[in-house]
Amino acid sequence: MKTELSKSYEPEQVEEKWFDVWEQRGDFHADENSPKPHYSIVIPPPNVTGVLHMGHALNNTLQDILCRWKRMSGYEVLWMPGTDHAGIATQNVVEKQLAAENMDRHELGRDAFIERVWKWREESGGQIINQLRRLGASCDWQRERFTMDEGLSKAVREVFVSLYDEGLIYRDNRLINWCPRCHTALSDLEVEHDDKQGSLWHLRYPVKGTDRYLSVATTRPETMLGDTAVAVHPDDERYQDLIGQKVQLPLTEREIPIIADEYVDIEFGSGAVKITPAHDFNDFEIGKRHDLDFINILDESGLINENGGSYIGMERYAARTQVVTDLKDLGLLEKVDAYTNAVGECYRCRTTIEPYMSKQWYVAVKSLAAEAINAVESGQTKIVPQQWEKTYYEWMYNIQDWCVSRQIWWGHRIPAWFCNNCGEITVSRDDVSVCKHCSSNDLRQETDVLDTWFSSALWPFSTMGWPDQTQALQKFYPTSCLVTGFDILFFWVARMMMMGTKFMETVPFKEVYIHALVRDAQGQKMSKSKGNVIDPLTIVDEYGADAFRYTLCAFAAMGRDIKLSTDRIGGYRNFVNKLWNASRFALMNLEDFDPAGANLDQLSLSQADQWILSRYAFAAAEVNKALGNYKFNDAASILYSFTWHEFCDWYIELSKGNLYGEDTDVRYSTQVVLFTVLEGLLRMLHPIMPFVTEEIWHALPGERAVSSIMQATYPTTAIISTDDSAVADMELVMDVIRAIRNVRGELDVPPGKKIKVVLDCKSEAVVEAIHVGQEYIHSLARVENLVVGVAVERPRQASTQVAGEVEVLIPLADLINVDEEEARLNKEIDKIKKDVDFFEKKLSNEKFVANAPPQVLEKDRAKLATAVKKREILQQSLEKILTLK
RNA sequence: AGGCACGUAGCUCAGUGGGAGAGCACUUCCCUGACACGGAAGGGGUCGGCGGUUCAAUCCCGCCCGUGCCUACCA
């Protein structure tokens, strides 16, 4: 079946058509019973609330390139897709909907609310999954998973209970990061720190029984309501006599002690620090050391509670203002300085978090981290680029226990039951109604749910059916690679590593490829809350998925940030079109061609054929090397220049004469090569540009052995071995063509004008090479009269150019302007003189000659000789020209 | 404060211990039967600054300046 190709490539219908075919036919499905070696990737699960952004587009394009490349390279490929339930974010979305209906979740009740979230998920969740299809992602969509799925929930319980039984999960009442808007605890990682312009208030606390004041500084004056001490450094001479005394805490009835602690920095401020153990992480530690009271002055919403005396019910910032005013009225406000400090914010809603006393569930991670560290140190998992290993280690060595409980409803409810009778906790894989300790039936289940990242951490094996021992796990675990941005190195990589090594006793992935981050023009991370996102789908609409993918691939240099430029995308859109049109050319000239029975070995190949086949072999080898090392940008650039600058610019042009000529044998062998190279090129390009390559591939004449190009074999090497000297001869001919074109261009010879050219060659071998390629010179350089020989008769007046061992002489009679030739020659001579000078200087350096390796010396001497020769020829030519004036 | 990057052509970015690259933009010419989303020929950079190692440094080392990111409990 032949497809008529339109004049320019129109991506829309092609993309839609092929994706449907691929998916419906199950082309992406991984067979766990396949005898082929496996290659597996689990998608870093995007939030179910998410919409596709540039980061996803890059991340998934790279994964797709790897998967398609490996699939074509003989591997059974599993690319596991899915989403995570994004507890806080999803709950926020549905709560907003409720708010619009003047409801809140408490009116609805827990069960009804969760039902509502599921309904939201069915109707509008997981958009991102369909958006990935637009990019061409070849995930095994039949296996799509969600962290709240039954199977994955079972895995979560299994892990929770196992860790609890081992004593690696425990409860404790300590300070945590609390979001007063989301009403939940957050892990350290979920707090984002941002420098904020604030104030430093200096407060005066009266020392009991004296008329002295102790000055303390704070960025959060309202917390003074919960102060239970003032601390000074034990060695601070200013305050020796005060240690052990008390101050009267203003605005309250309380007297609090003055204590000595080495934490205090003598240099900072007055050297005295107010201590609020229930509202500051440092103060919490000091409070424990000195057995101070822990007075919580806030409620869950950040309002002052009953411990705040007359400030009760005030919002925390209103209380701040009021406290400052009141202190000022009492003459206890010493001064206020402008002050910048880092404020922690909720990563979901940007509300300033409060350190808050609360009883939470924790995972003791030290032992898990030790295994995860060992896995990287021992090379079981390789992080690429390697520089990220250092970051990974640094975080892992300093890791703190992980607060995993969240006070929300949407998520995996913690499988723990409190006994109202004996007060003990029962933790169980199955729901229980009887206390394990006292057999009472008076139980209530923990209302907290687990951190979403807890379930994400199990993703590499829970998606494959764990805790059941499935064939999928056997075949595809450990996964081959995880592709992710460094912003979630800790969220995902670290935690997946800990859980994988713990529960599978094997690393979850053999390699981790950390890619760049797509940022906006200011180098800021794109985020919904900043409003600086560009929708990748509008890019796909405008330029096509293939062009967009190619751009991302070309930009994916390791370790860098990406600032997307639409100009660049436009450039790759043109590239797609170039391929399209080159294919149109091929199809037009292959109408009478049947690839069946074609055998390159039995054909006599032209210079051009040999040349393009050798370039093909080079490109195939290089692109495999690049992809194997995650050098996506190298792969893109190798294929770009092979396609455009070698195949289109040269081979197609060179082939025209042979295709249009009389000689049917030559025409046939050219058709074979044209077909063969294009067909292989499409396969090489397919992982980066799946749609256009599939479309063209099916339009090629003849039958395909498999139903999709994605099942064809990826090129790795030469199609046939080529003759080096024929290739070199072709390159010489190309140099000659370039030399003639240079003269034509510089001397403004009209493109349509045919000219005479004399080629004075250094040897008969060169003459022979030119002879074989002279038709190329005629057509590509627009030459009508070509004289070739050794020491041929030279035109009396000619423009001169040098191409290797060939002197290119163009009789001036055909040229327009002697002045221009003079200018051109001067320019050329200046250029070559610089070369001569450079090498003469280098080679006259005795130390260089004495120390440089012989190959370098030899090479430079040869270069000098060539340059000198060229300079002489051009110089003589210039002198001749001057005699004409 | 510590850690990690980055500073190369007008713009966006590759790259290497041995004479500086790409895409886009720019200049000149061309609608030659695949393609004007095109073709041909050109112009353009003392590779952030200063030192050091080396026969040789844009690349390795040190310092400095500038930018960005990550981690951190200075009130």
Side-chain angles (χ1 to χ4, degrees), chain A residues 5 7-9 193 200 216-220 223 231 263-265 267-276 280-285 339 341-342 355 387-388 390-391 394-395 398 486-487 489-490 517 519 522-525 543 547 551 554-555 557 559-589 633-634 637 640-641 648-649 652-653 656 660 738 741-752 779-782 827 834-835 838-839 842 845-853 855-857 859-860 863 867:
Chain A
L5 300 191
K7 191 167 171 180
S8 64
Y9 176 59
H193 296 271
L200 188 63
V216 296
T218 179
T219 54
R220 296 185 296 155
T223 62
Y263 156 76
V264 181
D265 179 354
E267 306 295 319
F268 190 91
S270 65
V273 189
K274 62 190 273 308
I275 302 299
T276 323
D280 182 280
F281 289 100
N282 295 311
D283 296 3
F284 180 81
E285 295 302 322
Y339 195 73
N341 70 329
Q387 63 189 65
W388 290 108
K390 200 170 170 184
T391 310
E394 200 162 318
W395 190 73
N398 296 311
F486 57 81
D487 52 332
L489 181 62
F490 307 137
L517 230 51
R519 296 177 186 278
Q522 284 72 42
Q524 297 282 307
K525 216 167 126 175
Y543 297 96
T551 311
F555 262 120
R560 295 291 251 110
D561 295 339
I562 293 175
K563 281 185 246 165
L564 263 199
S565 120
T566 50
D567 280 352
R568 186 88 177 242
I569 304 170
Y572 289 111
R573 189 256 328 267
N574 297 351
F575 176 66
V576 176
N577 194 239
K578 188 71 179 176
L579 175 70
W580 180 259
N581 276 291
S583 305
R584 287 211 312 143
F585 168 83
L587 291 176
M588 284 174 179
N589 288 285
N633 58 318
D634 284 356
S637 107
Y640 185 97
S641 62
C648 294
D649 287 351
I652 285 183
E653 295 306 323
K656 283 179 179 172
Y660 299 150
R738 274 189 275 258
R741 284 171 166 179
N742 169 263
V743 172
R744 295 187 64 124
E746 292 285 299
L747 298 192
D748 291 332
V749 177
S779 61
L780 299 200
R782 304 220 152 219
K827 200 162 95 181
K834 275 183 193 159
D835 288 0
F838 178 86
F839 287 106
K842 199 171 174 185
N845 181 342
E846 282 172 34
K847 285 182 178 172
F848 171 68
V849 176
N851 291 298
Q855 316 88 278
V856 173
L857 256 147
K859 226 168 86 185
D860 284 359
K863 282 177 180 173

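We use all heavy atoms of the structure for the numbers below, so side chains are in, but hydrogens, waters and symmetry mates are not. Convention: sequence-line order gives letters A, B, ...; per-chain numbering from 1. As the structure is a prediction and not an experimental result, all values here were calculated from the model.
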For A:K390 and B:G3, what is the distance between atoms NZ and C1' respectively, to the nearest whole Å? 7 Å
Only pairs with both distances under 3.5 Å count, Watson-Crick or wobble alike; so what is the partner of B:G17 in this structure? none
Across all chains, not counting sequence neighbours, the salt bridge (Lys or Arg N to Asp or Glu O under 4.0 Å) partners of A:K859 are none
B:A56 versus B:G45 - spacing of their P atoms, nearest Å: 26 Å
What nucleic acid atoms does A:Y543 come within less than 4.0 Å of, heavy atoms only: base, sugar-phosphate, or nothing? nothing
Which part of the nucleic acid does A:N845 contact within heavy-atom distance under 4.0 Å: base, sugar-phosphate only, or nothing? sugar-phosphate
When all nucleic acid strands are considered with a 4.0 Å heavy-atom cut-off, which category describes A:E285: base, sugar-phosphate, or nothing? nothing
Under 4.0 Å between any heavy atoms, over every strand shown, what does A:Y640 touch: base, sugar-phosphate, or nothing? Just pick one. sugar-phosphate
Please tell me which of A:N581 and A:V849 maps to the more 5' nucleotide of RNA chain B, matching each residue to the nucleotide holding its nearest heavy atom. A:N581
Just name whichever nucleotide pairs with B:G44, Watson-Crick or G-U, keeping both distances under 3.5 Å, else none. none
Side chain of A:F848, heavy atoms from C-beta onward: which of B:G18, B:C37, B:C73 has the nearest atom to it? B:G18
Write down the partner of B:G7 under the Watson-Crick or G-U wobble criteria, each distance required to be under 3.5 Å. B:C65
Roughly how many Å is it from OH in A:Y9 to C1' in B:C35, rounded to a whole number? 16 Å
Just checking A:A582: base, sugar-phosphate only, or nothing, at a heavy-atom cut-off of under 4.0 Å? base
Expressed in angstrom and rounded to an integer, what is the separation of A:L489 atom CG from B:U71 atom P? 10 Å
What's the closest nucleotide to the A:K827 side chain, out of B:G43, B:A41, B:A34? B:G43
A:D860 near the nucleic acid: base, sugar-phosphate alone, or nothing, with a heavy-atom cut-off under 4.0 Å? nothing
Only pairs with both distances under 3.5 Å count, Watson-Crick or wobble alike; so what is the partner of B:G38 in this structure? B:C30
Could you work out which one of B:C35, B:A75, B:G42 sits closest to the side chain of A:T218? B:A75
For A:K656, report the nucleic acid contact type (base, sugar-phosphate, nothing); a contact means any heavy atom under 4.0 Å. base
By the 4.0 Å heavy-atom rule, please label A:R782 as base, sugar-phosphate, or nothing. base
Select base, sugar-phosphate, or nothing to describe what A:K863 touches, counting heavy atoms under 4.0 Å on all strands. base
Given atom CZ of A:R584 and atom C1' of B:C37, what is their separation to the nearest angstrom? 13 Å
With both distances under 3.5 Å as the test, what is the Watson-Crick or G-U wobble partner of B:U71? B:A1
Using a heavy-atom cut-off of under 4.0 Å over every strand shown, decide if A:R741 touches base, sugar-phosphate, or nothing. sugar-phosphate
Look at all strands and tell whether A:Y660 reaches a base, only sugar-phosphate, or nothing, counting heavy atoms closer than 4.0 Å. base
Categorize A:I652 for me: base, sugar-phosphate, or nothing, with a 4.0 angstrom heavy-atom threshold over every strand shown. base
With both distances kept under 3.5 Å, what pairs with B:U12, Watson-Crick or G-U wobble? B:A22
Determine the interatomic distance between C1' on B:C26 and the same-named atom on B:U58; round to the nearest Å. 25 Å
Parallel, tilted or perpendicular, judged at 30° and 60°: which one describes the rings of A:W580 and A:Y9? tilted
Quick note, A:K578 side chain, CB onward, closest among B:G38, B:A75, B:G43 is B:G38
Applying a 4.0 Å non-hydrogen cut-off, can you work out what A:N589 is touching in the nucleic acid: base, sugar-phosphate, or nothing? nothing
Select base, sugar-phosphate, or nothing to describe what A:F575 touches, counting heavy atoms under 4.0 Å on all strands. nothing
What nucleotide, of B:C55, B:G38, B:A75, holds the atom closest to the side chain of A:N341? B:A75
Ranking A:K834 and A:K847 by the position along RNA chain B of their nearest nucleotide, the one closer to 5' is A:K834
